[in-house]
Amino acid sequence: MSASTSQAAIPSLFRTCPSTGLKVHDHAERLIRAHAVVATVMLLVGGIAALLVLLTRWQAIHLLDAVWFYRILTVHGMNMLIFFIIFFEMAVLLFAGPILLNCRMPAVKTAWGAFGLMVLGMLLVQWTMWTGQADVLFTSYVPLQAHSNFYLGVILFAVGTLITTGIFFATLVVAKREKTYEGSVPLVTFGALTAAIIAVITLLHGAAIYIPTWFWSMGMMEVDAQVYRMVWWGLGHSSQQINVAAMVSIWYLLATLTVGGVVLNQKVSRIAFVLYILFISMASAHHLLVDPGMGSAWKVWNTSYFMYMAVLASMIHGFTVPAGVEMGMRLRGFTQGFFGWLKRAPWGDPGFSSLVLSVVVFGFVGGITGVTFGTEQINIIAHNTLRIPGHFHATVVSGTAMAFMGLTWYVIPLIFRKRIAFYPLVKIQPYLFAFGMLLFSLAMTFAGTFGAPRRLWDMTYSGAPFDVQYSPAMDIIIAVMAIGGLMGIVGGGIYILATVWSVFFGKPLPEGKEAEYVGSIPLGLIRRPWTETPATDEDPEAPGRFGAVPGTVFLVAIFFVAFVVYYFANWALLSFTWQVG
Amino acid sequence: MDQHDTAPPDSEPPPEPDEIPLGQRLFERPFLLLAAGILIMAVFYTGWGLYEILTLPPAPLP
Ligand code: HEM
Ligand SMILES: [Cu+2]
């Protein structure tokens with residue numbers, strides 16, 4: 001598998017059709033723009049909701065009343081996790097399909113129809129949520145009941161998503177038939193294919209549960225609560241793995257775009273993606289580890305054994321992406337010591353800093369906490385505490401959303417052909433967002449370890465017939481969480497301001513004139529590291545005592561130590577909770 | 001490491017179909033991967049899970 005990589009695909013990004021003079025991907029580009037704009041609006045709504053929820057959980061302020069807390073928490077979950085993320089992912093599929101494969105866009109009208117369905121469904125959901133007819137949180141567990149239009153909205157949104165995913169598959173078929181690429185599809189497209197396959201698994205479960213629940217909401221049938229939870233998490237968990245697959249694809253893409261990162265071994269990276277396809281969805285069972293209706297064999301089988309193959313896949317990507325960056329830098333002459341390549345890396349390029357921060361926080365915080373909480377025995381001390389949102393704000397926010405943001409700084413010049421507004425602010429945006437969310441996630445994880453529940457309006461239980469004592473540190477931990485969250489919100493605000501401004505009021509970027517705009521587009525677009533063939537005197541691949549990528553090997557060793565320490569610390573915690581004998 | 005793709009993609013002729021290793025040929029069939037993904041999930045998680053819930057004895061509570 002050598003003939004094609006993401007690198008090979010990028011120089012031809014803007015192929016012009018010789019006969020019409022039209023860019024081949026005009027249709028795909030317009031669709032990408034539409035999806036990206038809606039995604040950003042969703043992020044804005046979800047972000048405002050984040051602020052309100054955060055200021056309520058911070059007991060010192062306790063902003064909203066109980067009804068509005070749960071209403072806005074529903075708004076936050078739906079707009080962020082479902083609408084922002086999925087509109088963006090559809091844009092990624094449209095990019096990884098027609099554009100990377102250099103192929104015409106099949107079924108253009110259908111694609112717009114699907115987009116329309118998604119918007120319509122989204123609006124229905126917004127309407128029911130904001131009018132107080134769907135205070136059910138994004139999990140909408142039966143027997144909590146929302147207005148039937150909430151479920152209908154979700155179904156329409158899902159149908160639209162399924163159609164766009166189908167069009168991605170159609171693009172693969174068309175591109176192959178019309179031979180628009182040579183060899184295998186680029187790795188980034190393969191990653192997007194992984195995301196698309198998991199999306200189909202997700203949407204099948206979504207249909208299987210939301211259609212009956214829609215009928216139930218109209219009084220036409222019964223839905224069993226345990227069946228609901230089991231099938232719903234087939235959707236709820238798998239959808240997170242669409243995010244992971246999309247994020248990893250973007251990692252590979254950003255590594256290439258920013259520093260000319262190489263794919264060390266196509267075979268290994270692709271096998272890792274296939275492990276996701278086969279084994280990651282079944283981990284849905286980790287959401288049901290304390291459910292009495294499910295047996296141990298089912299739980300253990302689905303959350304360990306095979307599922308660890310998917311964890312292995314994540315660890316493979318977590319090694320190959322930084323190793324590809326290191327090798328790319330070494331090939332360009334940054335060969336000093338273990339970390340010369342890191343020191344000389346383009347830290348001021350927001351695409352690069354987003355990539356690194358996304359990999360590090362996703363791996364160190366999201367990955368380690370996730371595998372630990374997914375262990376059947378340990379789950380009981382983490383379930384429904386703030387450790388859970390602490391975990392997934394490190395995965396889907398600091399990992400996925402961060403990667404999406406980093407990619408945006410390349411999409412604006414490449415697809416929207418605009419310079420980036422407020423570029424000096426944009427350079428610090430990734431740091432602000434990532435460190436804010438890191439602080440937020442860590443504080444939530446600590447608060448949860450000390451027993452703070454998730455999804456709770458009033459942690460002090462004022463007026464309750466019982467008294468709950470927390471550790472005296474709790475107030476401080478919650479304050480740290482609030483400060484981290486506020487930093488993250490400022491970072492998110494800069495992202496929205498700069499993207500909206502650039503796209504709607506930004507100065508155009510004339511084609512081929514990138515070099516003249518050093519202060520307003522990412523460095524990678526000026527240096528274009530993916531176009532040059534690197535040449536150095538020394539052979540950077542000649543393995544030293546610690547292999548060809550010693551810096552990455554060192555970092556991975558730290559990761560494993562952290563992993564082992566956290567994992568066994570949790571077994572120790574469990575043993576305090578549950579004295580035997 | 002011959003997998004490095006710094007050379008332009010058209011510098012080598014595309015290999016004959018039977019030279020392509022089995023794994024690679026499998027990975028180039030998106031619908032096969034799709035079917036495999038759905039099958040494993042449907043059997044181990046959803047199917048088995050439904051079976052567990054549906055065969056659960058009713059609680060002996062009044
Ligand atoms: C900008 C920074 C953000 C802040 C400050 C923030 C803050 C919060 C807070 C305080 C909660 C409530 C936790 C609880 O009481 O259980 C929450 C829940 C949640 N957040 Fe965020 N969030 C942010 C961004 C995001 C993003 C980008 C996503 C998804 C892509 C997201 C997804 C969720 C989800 C799914 C929940 C759970 C809702 C539920 O339990 O029903 N958040 N967030
Ligand atoms: Cu999960």
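Convention: sequence-line order gives letters A, B, ...; per-chain numbering from 1. These figures come from a predicted structure and were not determined experimentally.
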A.B. asks: From B:Ile40 CD1 over to A:Ile280 CD1, what is the distance, rounded to the nearest 0.5 angstrom?
C.D. replies: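 B:Ile40 CD1 to A:Ile280 CD1: 12.5 Å, rounded to 0.5 Å.
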A.B. asks: Under 4.5 Å from any heavy atom of chain B, what part of A:Ala297 do you find: side chain, backbone, both or neither?
C.D. replies: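 It is both, since atoms from each part get that close.
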A.B. asks: Do the non-hydrogen side-chain atoms of B:Phe27 and A:Phe273 ever get within less than 4.5 Å of each other?
C.D. replies: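 They are not in contact (no side-chain heavy atoms under 4.5 Å apart), so the answer is no.
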A.B. asks: Please classify the contact between A:Tyr276 and chain B as side chain, backbone, both or neither, with a heavy-atom cut-off of under 4.5 Å.
C.D. replies: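 Contact with chain B is absent: no heavy atom of A:Tyr276 under 4.5 Å.
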A.B. asks: With a cut-off of 6.0 Å (strictly less than), are more than 12 heavy atoms of other residues, nucleotides or ligands near OH of B:Tyr51?
C.D. replies: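 No, because the 6.0 Å sphere around OH of B:Tyr51 holds 12 heavy atoms or fewer from other groups.
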A.B. asks: Listed by residue number, which members of residues 163-172 of chain A have a heavy atom under 4.5 Å from any heavy atom of chain B?
C.D. replies: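 From residues 163-172 of chain A, the residues near chain B are A:Phe169, A:Leu172.
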A.B. asks: Side chain, backbone, both or neither: which part of A:Lys176 has an atom under 4.5 Å from a heavy atom of chain B?
C.D. replies: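 Only the side chain of A:Lys176 comes within 4.5 Å of chain B.
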A.B. asks: Are A:Leu288 and B:Tyr45 close enough, and set up right, to give a side chain to side chain contact (heavy atoms under 4.5 Å, CB included), and what steps lead you there?
C.D. replies: CA-CA 11 Å; A:Leu288 307 182; B:Tyr45 179 84; 3.8 Å; yes
A.B. asks: For A:Glu222, is the CD atom crowded, meaning more than 12 foreign heavy atoms sit under 6.0 Å from it?
C.D. replies: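 Result for CD/A:Glu222: open.
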A.B. asks: Let me confirm one number: the CG-CG distance from B:Leu34 to A:Leu193, rounded to the nearest 0.5 Å.
C.D. replies: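 It is 8.5 Å, given to the nearest 0.5 Å.
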A.B. asks: Quick one: CG on A:Asn302 to OG1 on B:Thr46, what's the gap to the nearest 0.5 Å?
C.D. replies: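 Nearest 0.5 Å value for the CG-OG1 distance: 8.5 Å.
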A.B. asks: Under 4.5 Å between any side-chain heavy atoms of A:Phe190 and B:Leu33, yes or no?
C.D. replies: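 Touching, per the 4.5 Å side-chain cut-off.
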A.B. asks: Which value, rounded to the nearest 0.5 Å, describes the distance between B:Ile38 atom CD1 and A:Ile201 atom CD1?
C.D. replies: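 Between atom CD1 of B:Ile38 and atom CD1 of A:Ile201 there are 6.0 Å.
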A.B. asks: Which atoms of A:Trp301 are under 4.5 Å from chain B, going by heavy atoms: the side chain, the backbone, both sets, or neither?
C.D. replies: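 Just the side chain, heavy atoms under 4.5 Å.
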A.B. asks: So do the side chains of B:Gln24 and A:Arg270 get within less than 4.5 Å of each other, counting heavy atoms only?
C.D. replies: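 Sidechains of A:Arg270 and B:Gln24: no contact.
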A.B. asks: Where along residues 204-212 of chain A does a heavy atom come under 4.5 Å of chain B, listed by residue number?
C.D. replies: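 So far as heavy atoms go, A:Leu204, A:His205 are the residues that approach chain B to under 4.5 Å.
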A.B. asks: Using every non-hydrogen atom in the two residues, find where B:Ala36 and A:Leu278 come nearest and quote the distance to one decimal.
C.D. replies: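 Distance-wise, the nearest heavy atoms are CB-CD2, 3.7 Å.
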A.B. asks: Would you say that B:Met41 contacts A:Ser238 through its side chain, given a criterion of any heavy-atom pair below 4.5 Å between the two side chains?
C.D. replies: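 Yes, side chains in contact.
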A.B. asks: Quick one: pull up CG in B:Leu54 and CG in A:Asp224 and give me the separation to the nearest 0.5 Å.
C.D. replies: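 Going from the CG atom of B:Leu54 to the CG atom of A:Asp224 covers 8.0 Å.
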A.B. asks: Would you confirm whether B:Glu52, through its side chain, and A:Met294, through its main-chain N or O, come within 3.5 Å as a donor-acceptor pair?
C.D. replies: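 Such a contact is absent between B:Glu52 side chain and A:Met294 backbone.
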A.B. asks: What part of A:Val200 is in contact with chain B, defined as an atom under 4.5 angstrom from a non-hydrogen atom: side chain, backbone, both or neither?
C.D. replies: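 Only the side chain of A:Val200 comes within 4.5 Å of chain B.
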